[in-house]
Amino acid sequence: MAFLNCSVSIGSGAHHHQHPKPGRVVNQYHFLPLRLRNLLELIPKSSFYLANECEPSIDSPEGQSLLAQAQDKGIPRKVKHPRKSIYHLFIEGNMCRLCRTRKSATTHALACVRRHLNHKPYVCAGPSVGCRLCDHQKGHRRFTARSLLYDHLWSQKHRFICPYSGCYHKLRLKEIKPHWLERHGEIPFTEEIFAKLTPRA
């Protein structure tokens with residue numbers, strides 16, 4: 001499907017993200033093994049990163065090229081799961097090694113790595129997939145994970161009318177409780193409120 005593309009020709013209205021400046025990575029992540037800090041130095045200069053494409057797998061030609069460039073700096077040639085993303089070298093189980101935060105899933109840990117590197121390869125295709133927030137004029141939003149792109153599209157198609165009598169706000173699912181507490185806090189928020197939700201017209 002078009003909106004799952006990791007690579008896109010960015011128009012003049014698209015959002016360009018700023019890449020990390022060389023030299024800062026090693027200092028910022030001083031607690032990592034030197035071999036991983038050296039690899040982090042190479043990634044922002046790589047072709048996939050500069051083109052806003054998804055990172056390569058470890059056994060892909062570009063992944064092997066990165067490892068070959070870094071081999072003299074201590075990157076081991078033998079790695080587990082060579083078909084996985086090269087960013088798997090920066091996670092341990094479900095933990096992002098860049099901030100040492102444990103996530104609920106490996107995909108979330110990979111998204112966390114991309115966030116630290118300001119790498120957003122998942123791009124919304126705009127009106128062609130029903131998005132009203134992205135186009136060539138406004139720019140196409142980018143995300144660090146496919147799931148965030150799904151949420152971006154899903155939330156536009158699935159809004160709910162506040163069940164409070166006389167309130168006709170149309171809300172995303174995650175916005176309902178904060179809205180209720182702010183606007184209708186005199187009535188306790190209960191699970192029964194979710195049962196009364198109706199999709200927008």
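- Here the side chains of L40 and L117 are in contact, with some heavy-atom distance below 4.5 Å.
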Run T107 and R146 through side-chain contact (heavy atoms from CB on, under 4.5 Å) and show every step you take. CA-CA 9 Å; T107 53; R146 182 181 283 111; over 6 Å; no
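- Closest heavy-atom contact between E186 and Y164: OE2-OH, 3.2 Å.
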Between L67 and L89, is a side-chain contact (heavy atoms from CB on, under 4.5 Å) present by the stated rule, with each step listed? CA-CA 11 Å; L67 291 177; L89 295 172; 4.1 Å; yes
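- No donor-acceptor distance shorter than 3.5 angstrom exists from the side chain of W180 to the backbone of C162, with no hydrogens or angles considered.
- We find the CD1-CZ distance between I58 and R83 to be 12.5 Å, quoted to the nearest 0.5 Å.
- Checked against the 6.0 Å centroid threshold, F90 and H116 do not count as a close aromatic pair.
- Separation of atoms CG (L36) and CZ (R97) is listed at 5.0 Å; rounding is to 0.5 Å.
- E62 places a side-chain heavy atom less than 4.5 Å from the side chain of F48.
- The CG atom of L110 sits 10.0 Å away from atom OH of Y87, with the distance rounded to the nearest 0.5 Å.
- One distance of note links SG of C134 with CZ of R141; it measures 5.5 Å at 0.5 Å rounding.
- Geometric assessment of R100 against the ring of F31 yields a positive cation-pi assignment under the 6.0 Å and 45° thresholds.
- Residues S46 and L66 are in side-chain contact: their nearest non-hydrogen atoms beyond the backbone lie under 4.5 Å apart.
- L98 and L42 end up in the same hydrophobic cluster when Ile, Leu, Val, Met, Phe, Trp and Tyr side chains are linked at under 4.5 Å.
- Aromatic ring pairs are classed by plane angle as parallel below 30°, tilted from 30° to 60° and perpendicular above 60°; the pair H179 and H184 is perpendicular.
- Between the side chain of R114 and the backbone N or O of H119, no donor-acceptor pair lies under 3.5 Å.
- Scanning both residues, A109 and N94, for their nearest heavy atoms gives CB-O, 3.6 Å.
- For the pair T106 and H88, the tightest heavy-atom approach, listed with the atom from each and the gap, is CG2-CE1, 3.6 Å.
- Distance check, rounded to the nearest 0.5 Å: NZ of K45 to CD1 of I43 gives 11.5 Å.
- The shortest non-hydrogen separation linking H108 to K103 is CB-CB, 3.7 Å.
- C54 contributes atom SG, which lies 13.5 Å from atom CD1 of I86 (distance to the nearest 0.5 angstrom).
- A single hydrophobic cluster is not seen to contain both M95 and I91; linkage of ILVMFWY side chains at heavy-atom distances under 4.5 Å, directly or through other members, places them apart.
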